[in-house]
Amino acid sequence: MDVTFQFNWQAAFASLPHLVAGIPYTLLISFGGLAIGFFIGIVVGLLRISRTAWLRWPAIIYIEIFRGTPVLVQVLFIFYGLPQLLGGPINALVAGIAAIAVNSGAYISEIVRGGVQSIERGQSEAGLSLGLSRGQAFRYVIWPQAFRRMIPPLGNQGIISIKDTSLFSVIGVGELVRQGQIYIATTFTALEVYLMVALLYLVITLSLSLALRLLERKGLVGQ
Amino acid sequence: MTQDRQASGSPPIVHLSKLNKHYGELHVLKDIDLTVTPGEVVVIIGASGSGKSTLIRCVNGLEEFQQGELEVDGNTLLPNGKATKALQKIRTEVGMVFQQFNLFPHLSVLDNVVLAPMKVRGWDRDRAEATAQRLLARVGIGDQAGKYPSQLSGGQQQRVALARALAMEPRLMLFDEPTSALDPEMIGEVLDAMRELANEGMTMMIVTHEMGFAREVADRVIFIDKGRIAEQGRPEQIFDSPQQAPTQSFLSRVLKH
């Protein structure tokens with residue numbers, strides 16, 4: 001055993017080109033899944049606050065199921081389980097995107113619900129009293145205000161989902177962690193490579209944080 | 001005056017008959033019969049919790065009622081929130097000013113005022129902005145159109161809210177304690193704007209605690225006690241010689257200071 005182990009900067013930098021090849025997958029799964037998750041979140045979040053029980057209940061069930069089970073189990077179910085039902089294999093990338101979509105969709109539903117419910121009742125009353133329909137009051141009065149309040153929690157969810165994609169190395173998608181594992185298998189430089197992997201995640205999440213901060217600052221005008 | 005106007009034979013703009021409202025066990029409005037004729041200024045007074053705000057909120061359907069009839073400008077509202085078409089028409093023709101202003105914080109003052117005329121009346125932006133600028137100037141905030149509500153004082157915000165409601169060219173204006181959330185020095189500017197509106201002949205239903213204003217502007221004062229119209233009449237009649245014990249006791253409490 002080599003007790004005088006030294007951190008090998010050369011090995012760390014040498015791994016970078018291999019690791020960077022995983023970034024497009026990580027980004028595609030994260031942002032592809034989040035885009036669909038955002039759409040799911042809006043629909044399910046609004047159903048969740050519907051006054052009609054048969055619209056509200058499916059939303060509650062959806063949220064509880066996909067928020068209450070691990071995203072790792074969800075992706076394993078989709079990748080290994082669903083093909084038994086469908087009779088054909090599912091592309092690992094598609095499975096990853098789908099898992100992020102349904103999982104973030106559940107959380108984003110709650111973010112949407114919280115955002116919309118945080119807008120004072122007087123706002124929709126003012127809109128309705130001016131003759132706006134419920135839909136118009138929502139679109140022009142409630143939603144723009146709710147969306148601004150949703151930006152910080154949406155940013156949180158984005159960062160969580162980006163990190164969740166690291167679990168999808170188990171289904172063999174060539175994302176960041178998977179690339180690192182492959183590289184380590186031949187070079188035995190786990191310390192250096194996982195540090196690089198971690199730094200690359202940080203680059204991605206910090207960029208997102210920064211972008212959201214700018215968006216938030218822009219959105220604060222008029223509040 | 002009230003009697004004259006009613007005698008003139010113009011059809012009522014608001015007609016409530018045997019209106020009852022419950023919040024669960026609580027019986028908030030009891031057998032309300034009320035008719036308002038065009039041009040009339042009706043001020044509704046009463047202790048907090050007496051149901052006066054609930055009453056005017058029923059008029060534009062922000063509150064449902066359980067029994068009785070409500071007709072506004074020829075549109076009939078049915079109990080338990082049915083008849084959404086009529087409700088939409090009523091809200092288009094009836095403006096409301098709220099205690100908490102309820103301006104849209106994400107929109108500029110100008111956009112607050114043009115939103116409904118453009119989306120509901122279908123006006124183009126030029127027409128809506130011209131109307132908005134005229135109304136904002138009239139309530140004394142013509143130079144603030146580009147600001148956001150949070151940049152204005154409470155009194156200015158409430159005058160924007162008034163201009164916003166007037167931009168829809170309403171046939172009736174409802175005021176739900178329009179000065180109750182204002183600092184004392186800003187109450188006057190809002191009451192001035194309302195007084196001017198009354199002088200121009202706008203039909204108004206006003207819930208307020210400003211008794212001096214009520215006496216001066218009202219054609220009729222309605223006193224509500226525990227969800228019931230206990231007494232109504234000319235302001236001097238109600239304020240100088242109230243007939244009912246609840247009215248006397250309420251006025252002695254609010255007029256003492």
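Predicted model only: the values in this text are computed from it and were never measured. Labels below follow one simple rule: chain letters A, B, ... track the order of the sequence lines, proteins then strands, and each chain is numbered from 1.
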Considering only heavy atoms and a distance below 4.5 Å, find which of [options] pairs most often with chain A.
options: N60(B), L115(B), I90(B); value: L115(B)
options: M96(B), Q100(B), K119(B); value: K119(B)
options: V97(B), T92(B), L62(B); value: L62(B)

Does the side chain of Q136(A) come within less than 4.5 Å of V120(B)'s, by heavy atoms?
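Answer yes - side chains close enough.
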So P144(A) and F104(B), do their side chains get closer than 4.5 Å, heavy atoms only?
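The answer is no; the side chains never approach within 4.5 Å.
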Is the number of heavy atoms from other residues, nucleotides or ligands within 6.0 Å of [atom1] ([X]) greater than 12?
X: Y25(A); atom1: OH; value: no
X: E200(B); atom1: CD; value: yes
X: Q99(B); atom1: CD; value: yes
X: R134(A); atom1: CZ; value: no

Does the H106(B) side chain pair with the main chain of Y140(A), one donor and one acceptor, at a distance under 3.5 Å?
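Yes.
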Under the side chain to side chain contact (heavy atoms under 4.5 Å, CB included) test against P105(B), which residue among Q123(A), E120(A), R148(A) passes?
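It is Q123(A), the one option of Q123(A), E120(A), R148(A) that forms the side chain to side chain contact (heavy atoms under 4.5 Å, CB included) with P105(B).
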Between R121(B) and chain A, with a heavy-atom cut-off of 4.5 Å, which part of the residue counts as in contact: side chain, backbone, both or neither?
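Neither part; nothing is under 4.5 Å.
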Contact class of E125(A) relative to chain B, heavy atoms under 4.5 angstrom
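E125(A) touches chain B through backbone and side-chain heavy atoms alike.
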Work out which heavy atom in G122(A) is nearest to a heavy atom in N102(B); give both atom names and the distance.
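Between these two residues, the closest heavy atoms are O-ND2, 3.2 Å.
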How far does OG of S129(A) sit from CE of M168(B), to the nearest 0.5 angstrom?
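If I round to the nearest 0.5 Å, the distance is 9.5 Å.
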